[in-house]
Amino acid sequence: MSTSLAWDERYAGGGFQFGEAPNLFLLGQAHRLKPGMRALAVGDGEGRNGVWLAEQGLAATSLDWSAVGLEKARALAARRGVALRTVTADATRWDWPVAGFDVIAWIFVHLPLEDRAIACAGAMRALAPGGLLLLEAFTPAQEGRRSGGPKDPSLLWSRALVERHFAGLDVLELLEGTVALDEGPRHQGQAEVVRAVLRRP
Ligand SMILES: C[S@@+](CC[C@H](N)C(=O)[O-])C[C@H]1O[C@@H](n2cnc3c(N)ncnc32)[C@H](O)[C@@H]1O
């Protein structure tokens, strides 16, 4: 079972589990971002995506339930000379601020069924009108591959789950398929993912 303590243990020690560079899919969405936008990187771990969003001039918040991960996120932000707000919280219990964000980055956050529904509802509430949800996550086709992802298949995402949990958002891009991951020691090689760019009307 995934717990905050298990993630604390993974993040303890040197090195960045998913690298210090931003997620490539997120990087590819740079043209949609504008300085001053309020961005949330949910489940941001050691902060690579929140820090990159801050570097683009966004007012960035990294949320994760791992205090160890977020300590590294703050150190990375300090090293890069950007401001990063961090929130140590369980995404299923957090009081998501209504219309509080213009961008939510949901990168490789895999949650149990009920938790996923709660966190997705929170993310929906937290998107401002016109706000973007940028999601990349592993799909069931990833099972058996060694390039990363949860062992428990019930945590995996799919195009259908994206459509179900984020119904009501406009679909700008929604693709399932094979990509090459090169993100720190934990995400290496060909991988099966869903990628979504959704916008709140
Ligand atoms: C696979 S890692 C991805 C980290 C980061 N998004 C990245 O791509 O570098 C998943 C992250 O989700 C976080 N996480 C899992 N369940 C969570 C929950 N219920 N609340 C907050 N964070 C959670 C973990 O602590 C971990 O940092």
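A quick note: this is a predicted structure, and the numbers were derived from the prediction, not measured. Numbering of ligands and ligand atoms starts at 1, following listing order.
- Summary of contacts: the protein heavy atom closest to atom 3 (C) of ligand 1 is F108 O, 3.6 Å.
- A cation-pi arrangement is absent between K72 and Y11 under the rule of less than 6.0 angstrom and at most 45 degrees off the ring axis.
- For the residues D90, L70, N49, the heavy atom positioned nearest atom 19 (N) of ligand 1 is part of D90.
- By the 30° and 60° cut-offs, the orientation of the rings of F166 relative to W157 is parallel.
- Look at W94 and you'll find every heavy atom at least 4.0 Å from all atoms of ligand 1.
- Between H187 and ligand 1, no N or O atom pair is found at a separation short of 3.5 Å.
- In this pair, H110 and F138 present their aromatic rings parallel. The plane angle is below 30°, not in the 30 to 60° band.
- If you number the atoms of ligand 1 from 1 as listed, the ones under 4.0 Å from a heavy atom of Y11 come out as 2 (S), 4 (C), 26 (C), 27 (O).
- When each atom of ligand 1 is checked for a heavy atom of G45 under 4.0 Å away, the hits are 27 (O).
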Verdict with supporting geometry, D102 and L132, side chain to side chain contact (heavy atoms under 4.5 Å, CB included) = CA-CA 6 Å; D102 305 301; L132 295 170; over 6 Å; no
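- Here is the list of ligand 1 atoms found below 4.0 Å of a heavy atom in I107: 3 (C), 5 (C), 6 (N), 8 (O).
- Here E183 pairs with R48 in a salt bridge; the nearest charged N to carboxylate O distance falls below 4.0 Å.
- At least one heavy atom of A89 sits less than 4.0 Å from an atom of ligand 1.
- The distance from ligand 1 to the heavy atoms of L111 drops below 4.0 Å at these ligand atoms: 16 (N), 17 (C), 19 (N).
- When the options V42, D64, L5 are ranked by their closest heavy atom to atom 25 (O) of ligand 1, first place goes to D64.
- When the options E183, E20, R93, R48 are ranked by their closest heavy atom to atom 7 (C) of ligand 1, first place goes to R48.
- Distance from atom 22 (N) of ligand 1 to its nearest protein heavy atom, with residue and atom name: W65 N, 3.3 Å.
- Protein heavy atom at the shortest distance from atom 20 (N) of ligand 1 is A91 N, 2.8 Å.
- Comparing G184, S2, G43, S62 by heavy-atom distance to atom 6 (N) of ligand 1, the nearest is G43.
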